[in-house]
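Notes to accompany the following structure.
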Amino acid sequence: MRHGRALGDAVLRGRITARQRKLVTVAVSRVNACARCTLVHERWALHAGVTADELRALDLADPNGLGARSRAAVAYATARTEDRFRRPAPADVTATARASLTRREIDAVDAVARAMTLANLTASTAELALARLRRPAPASGT
């Protein structure tokens with residue numbers, strides 16, 4: 001329930017900016033190795049005002065290519081996603097997030113990262129299932 005409320009806060013109530021949300025979705029889809037999702041979210045990020053330089057900064061893991069708040073949001077979301085949300089983010093990442101973002105913003109970033117991970121895994125599973133269905137059946141030996 002808490003994650004659903006935080007996601008609603010992130011998307012509907014603007015707890016984080018559209019730009020930050022899009023940077024988080026791109027970073028998370030990259031962590032999850034969902035190439036098609038990454039491509040779509042990169043396009044949406046550009047429409048939301050993220051610059052090509054900021055996307056390159058994500059590519060290069062260049063901490064200076066993003067503002068402090070966006071950098072904290074992306075680092076927090078990335079750390080949580082890499083660990084599959086099993087444990088809290090590392091202390092240094094959490095401390096940076098707390099210094100740059102409010103508790104509600106951190107909750108919103110976490111909720112967006114969780115939702116993106118679920119969407120990425122769902123899309124990847126669906127793609128794999130479709131690929132298997134499209135493969136020709138093996139020839140029978142009889």
Side-chain angles (χ1 to χ4, degrees), residues 1-140:
M1 180 71 172
R2 178 176 160 240
H3 300 301
R5 182 173 296 134
L7 184 59
D9 283 349
V11 177
L12 302 175
R13 294 175 195 88
R15 294 282 188 239
I16 58 175
T17 67
R19 290 180 73 260
Q20 287 171 331
R21 192 171 58 249
K22 285 292 138 198
L23 284 167
V24 166
T25 60
V26 170
V28 169
S29 64
R30 289 178 180 178
V31 169
N32 291 327
C34 189
R36 289 185 189 195
C37 295
T38 299
L39 179 64
V40 168
H41 286 287
E42 285 174 347
R43 288 181 183 167
W44 290 352
L46 292 169
H47 288 291
V50 173
T51 67
D53 287 339
E54 289 172 313
L55 290 177
R56 273 191 292 283
L58 287 177
D59 281 338
L60 303 172
D62 175 13
N64 299 319
L66 302 174
R69 291 174 53 75
S70 293
R71 185 171 51 247
V74 166
Y76 187 82
T78 300
R80 295 287 285 142
T81 303
E82 287 172 341
D83 186 47
R84 292 289 188 241
F85 308 95
R86 288 184 286 255
R87 290 180 291 278
D92 59 328
V93 173
T94 300
T96 300
R98 287 182 178 157
S100 301
L101 305 167
T102 67
R103 180 69 204 159
R104 282 188 157 183
E105 289 171 324
I106 293 169
D107 287 347
V109 167
D110 192 75
V112 169
R114 286 174 184 272
M116 271 304 301
T117 295
L118 177 61
N120 292 158
L121 296 175
T122 301
S124 295
T125 301
E127 260 184 50
L128 181 59
L130 286 172
R132 286 184 179 167
L133 289 172
R134 289 184 184 134
R135 272 192 290 200
S140 65

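Side chains included, hydrogens not; waters and symmetry mates left out as well; all remaining heavy atoms used. Just so you know, these numbers come straight off a predicted model, no measurement behind them.
Residues R80 and R87 have side chains not in contact (no heavy-atom distance under 4.5 Å, counting atoms from C-beta outward). Considering only heavy atoms from C-beta on, V112 comes within 4.5 Å of T25 through its side chain. Contact check for N120 versus T38: no side-chain heavy atoms found under the 4.5 Å cut-off. Proximity of M116 to V24: side-chain heavy atoms (C-beta onward) are nowhere separated by under 4.5 Å. Contact annotation: the side chain of T51 never approaches that of L55 to less than 4.5 Å [non-hydrogen atoms, C-beta and beyond]. You'll find the side chain of V74 stays beyond 4.5 Å of the side chain of V109, heavy atoms only. Within the 4.5 Å cutoff, the side chain of V50 has no heavy atoms near those of the E42 side chain.
The backbone N or O of D83 sits less than 3.5 Å from a side-chain atom of R86, completing a donor-acceptor pair. Between the side chain of T94 and the main chain of P90, a donor-acceptor pair closer than 3.5 Å is present.
Across all non-hydrogen atoms, the minimal contact from V31 to E82 is CG1-CG, 3.7 Å. The two residues S100 and E105 make their nearest non-hydrogen contact at O-OE1, 4.4 Å. The minimum heavy-atom distance linking T81 with A113 is given by the pair OG1-CB, 3.8 Å. Of all heavy-atom pairs between V28 and A77, the closest is CG2-CB, 4.1 Å. The shortest heavy-atom contact between Y76 and V93 is CA-CG1, 3.6 Å. Closest non-hydrogen pair, A48 versus R19, comes out as O-CG, 3.2 Å.
Salt-bridge check for D53 with R56: passed, with a basic side-chain N closer than 4.0 Å to an acidic carboxylate O. Ion pairing between a basic and an acidic side chain is recognised when a charged N comes within 4.0 Å of a carboxylate O; E54 and R71 show no such pairing.
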Full working for side chain to side chain contact (heavy atoms under 4.5 Å, CB included) between L121 and T117
CA-CA 6 Å; L121 296 175; T117 295; 3.9 Å; yes

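For the side chain to side chain contact (heavy atoms under 4.5 Å, CB included) with V26, the qualifying choice from D59, L58, V40 is L58, the only one to do so.
Applying the salt bridge (Lys or Arg N to Asp or Glu O under 4.0 Å) test to pairs two or more places apart or on separate chains, none has a residue in residues 90-102.
I106 CD1 to I16 CD1: the interatomic distance, rounded to the nearest 0.5 Å, is 11.0 Å. For the atom pair CZ (R114) and CG (D107), the distance works out to 10.0 Å, reported to the nearest 0.5 Å.
Heavy-atom neighbours of R84 CZ from other residues, nucleotides or ligands within 6.0 Å: above the threshold of 12.
Aromatic ring centres of W44 and H47 lie farther apart than the 6.0 Å criterion allows.
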